[in-house]
Undergrad: 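One structure coming up, written as structure tokens, with questions to follow.
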Amino acid sequence: MVDYEIEKEAAARASLAFVKDGDVVGLGTGSTAAYFIKFLGEKVKAGFKVRGVPTSARAQQLAQQCGIPLVGLDEVAQIDVDVDGADEFDPQLCLIKGGGGALLREKIVASASKKFVVVADSSKQVAALGKFPLPVEVIPFAEALVARQISALGAKVALRKTEQGSPFTTDEHHHILDCSFEKINHPASLAATLSAIPGVVEHGLFINMATLVLVAKGSKVTELRAL
Ligand code: A5P
């Protein structure tokens with residue numbers, strides 16, 4: 001059985017090589033990014049100087065626990081490097097993100113970053129995106145309408161719920177539709193179609209955004225660049 005925790009940890013550790021002293025660093029969300037935040041915190045305790053821009057309330061809390069100084073997006077002109085996980089990535093390094101519900105802030109931070117380093121265990125590498133249900137962040141007022149429009153594109157659409165059964169609410173107070181396409185043949189055209197639906201705030205397709213992916217297989221980490 002593959003130990004994905006070892007892989008997440010290995011990929012996160014390898015990403016430290018892309019962070020320089022003095023950098024403004026995007027702090028991703030999810031279990032792999034959490035390893036990165038912990039490792040970065042250890043370096044900060046040893047004297048490394050960085051300022052972090054968290055991609056979610058959860059990442060913010062963890063970064064504070066780890067002693068990483070934080071700044072808001074309004075306080076910096078640009079982010080030097082953003083390190084974040086992914087739910088899937090394909091050979092072009094297109095991603096599905098948002099399994100943890102933070103896709104909106106994640107995309108904003110990635111788009112404001114000079115380098116976007118994705119850290120992933122081997123389960124995230126796919127030939128084509130779409131097995132993982134694509135998260136789409138929506139305004140609650142429009143969610144039924146948007147769900148019907150995305151269903152008409154061929155997806156099975158489910159409103160994300162909490163364990164208690166109420167709708168999951170994002171940091172920006174929106175809801176998430178998890179859209180199972182099974183196979184997304186043209187990620188860029190689907191991304192454009194979804195963005196054009198009124199009521200869609202953002203979707204979890206990250207196209208041409210990743211600078212590189214660090215994918216771990218066992219404890220071996222491979223650096224992938226887009227084909
Ligand atoms: C959070 O919203 C997501 O985009 C995560 O980055 C993604 O779900 C990967 O999470 P794990 O590292 O926990 O698999």
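We count ligands from 1, going down the list as the structure has it; atoms in each ligand are counted the same way. Because the structure is a prediction, the values reported are computed rather than measured.
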Undergrad: Is Lys131 salt-bridged to Glu182, going by a charged N under 4.0 Å from an acidic O?
TA: yes

Undergrad: Any ion pair linking Lys107 and Glu202 (charged N to carboxylate O, less than 4.0 Å)?
TA: yes

Undergrad: State whether a side-chain donor-acceptor pair under 3.5 Å links His203 with Ser195.
TA: yes

Undergrad: Please state which protein non-hydrogen atom is closest to atom 5 (C) of ligand 1 and give its distance, to 0.1 Å?
TA: Thr29 O, 3.3 Å

Undergrad: Among protein heavy atoms, which lies nearest atom 1 (C) of ligand 1, and at what distance?
TA: Glu106 OE2, 3.0 Å

Undergrad: To the nearest 0.1 Å, how far is atom 14 (O) of ligand 1 from its closest protein heavy atom, and which atom is that?
TA: Lys124 NZ, 2.7 Å

Undergrad: Is the shortest distance from a heavy atom of Gly101 to ligand 1 less than 4.0 Å?
TA: yes

Undergrad: Return the CZ to CZ distance between Arg13 and Phe39, rounded to the nearest 0.5 Å.
TA: 4.0 Å

Undergrad: Among all protein heavy atoms in this structure, tell me which lies nearest to atom 13 (O) of ligand 1, with the distance rounded to 0.1 Å.
TA: Ser31 OG, 2.5 Å

Undergrad: Taking NZ, NE, NH1 and NH2 as the nitrogens, is one of them in Lys217 or Glu7 under 4.0 Å from a carboxylate oxygen of the other?
TA: no

Undergrad: Are any of the side-chain nitrogens in Asp80 or Lys114 under 4.0 Å away from the carboxylate oxygens of its partner?
TA: yes

Undergrad: From the options Gly99, Ala86, Gly100, select the one whose nearest heavy atom is closest to atom 9 (C) of ligand 1.
TA: Ala86

Undergrad: Under 4.0 Å, heavy-atom basis, I'd like to know which part of Asp121 is in contact with ligand 1: side chain, backbone, both or neither.
TA: neither

